[in-house]
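Every chain is numbered from 1, with letters handed out A, B, ... down the list of sequences.
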2 protein chains.
Amino acid sequence: MSKKELPLLQPADPAAPCCSPLAREPLSGAEAATLAPVFKALADPVRLRLFSLIASSAGGQACVCDLTVAFEVSQPTISHHLRVLREAGLVDCERRGTWVYYWLLPNALARLSALLTPAAAAA
Amino acid sequence: MSKKELPLLQPADPAAPCCSPLAREPLSGAEAATLAPVFKALADPVRLRLFSLIASSAGGQACVCDLTVAFEVSQPTISHHLRVLREAGLVDCERRGTWVYYWLLPNALARLSALLTPAAAAA
DNA sequence: TTTCTGATTAGACATCCGTCTATGTACGAC
DNA sequence: GTCGTACATAGACGGATGTCTAATCAGAAA
């Protein structure tokens, strides 16, 4: 395979948003150290499903009780994964009476999306 | 050189730009099991920088020798991280003479971007 | 051929991670 | 108050991960 064509990677027009920020300029060590934990938080199948399940729940939030029954791991394990998501800044939670509700922090998703998406920097 | 392609998760419904696919519908266990390794491959600061460095290199590719000098870890460690990126379907490589060149597999970035970005199909 | 350089592989090692059980805490009902 | 339920925390355990050194492989040049 020669480097005949690498369509999405060529900065053909320097004026246009050629590619995602990740591909436009090398990440600094500091940036990488900030971003990697966010990817790491989503790097587990259970957490990825938890994140998606919270995001797609009615009202944009879900209580732990509903999340727990959707998986086959123990309740403390769910609690652990939720904490990882929380500490990564991906979700937040609040106790309301008996139940604890989790929701997405939209900035987190937007940050990752902006990092990976070509046109995102123009917005 | 590895050429494994991970299946593409794409609800592909341009008529519903409400939110990212991740937030539109809960991920299945199988989808999560497919996607989590890609996030995991980017979940290390060195690998994240390697990925970005390759992507932003002139011609969209970089040789290992250039990548190695950009970090303070040993050359075998760089080689290890490059393999992780390769096995996640994020990059591919080829030996040309003395040097081995790496480049991004564009679908990988597009896959993640589509997962996280609202109305990704419109891009 | 031999030698040198670039890169991968092998193996070891310390640390991290995901999971569990057991326990603790918060809240509502009685 | 006590009891029961929802959730978090503590600690332990096995397996995965990131890093290193040493060895090996691949190609170019003398």
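Listed nucleotides: D/dG18, C/dA10, C/dC20. Nearest to the side chain of B/Pro76: C/dA10. When distances are taken from the side chain of B/Arg95 to each of C/dA7, D/dG18, C/dA10, the shortest belongs to C/dA7.
Distance CD1 (A/Ile78) to P (C/dC20): 9 Å, rounded to an integer number of Å. Computed from coordinates, the A/Asp44 CG to D/dT17 P distance equals 11 Å when rounded to whole Å. Look at CG on A/Leu42: it is 16 Å from C1' on C/dG18, rounded to the nearest Å. At whole-Å resolution of the value, CZ in B/Arg96 and P in C/dG6 are 17 Å apart. Distance, B/Leu48 CG to D/dG18 P: 13 Å, rounded to whole Å. The CH2-C1' distance, from A/Trp99 to D/dT5, rounds to 9 Å in whole Å. To the nearest angstrom, C1' of D/dC20 lies 15 Å from CD of B/Glu72. As rounded to whole Å, 5 Å separates atom C1' of D/dC7 from atom CD of A/Gln75.
Between A/Glu94 and the options A/Trp99, A/Trp103, A/Tyr101, a side chain to side chain contact (heavy atoms under 4.5 Å, CB included) holds for only A/Trp103. When each of A/Thr77, A/Thr68, A/Ile54 is paired with A/Leu82, the side chain to side chain contact (heavy atoms under 4.5 Å, CB included) condition holds for A/Ile54 and for no other.
Residues A/Arg111 and A/Val38 have side chains in contact (heavy-atom distance under 4.5 Å, counting atoms from C-beta outward). Using a 4.5 Å heavy-atom threshold, the side chains of B/Arg24 and A/Ser56 count as separate.
Using a 4.0 Å heavy-atom cutoff across all strands shown, B/Ser74 reaches at least one base atom of the nucleic acid. Using a 4.0 Å heavy-atom cutoff across all strands shown, B/Tyr102 reaches sugar-phosphate atoms only and no base atom.
If B/Val84 and A/Ser79 are placed on DNA chain D by their nearest nucleotide, the residue sitting closer to the 5' end is A/Ser79.
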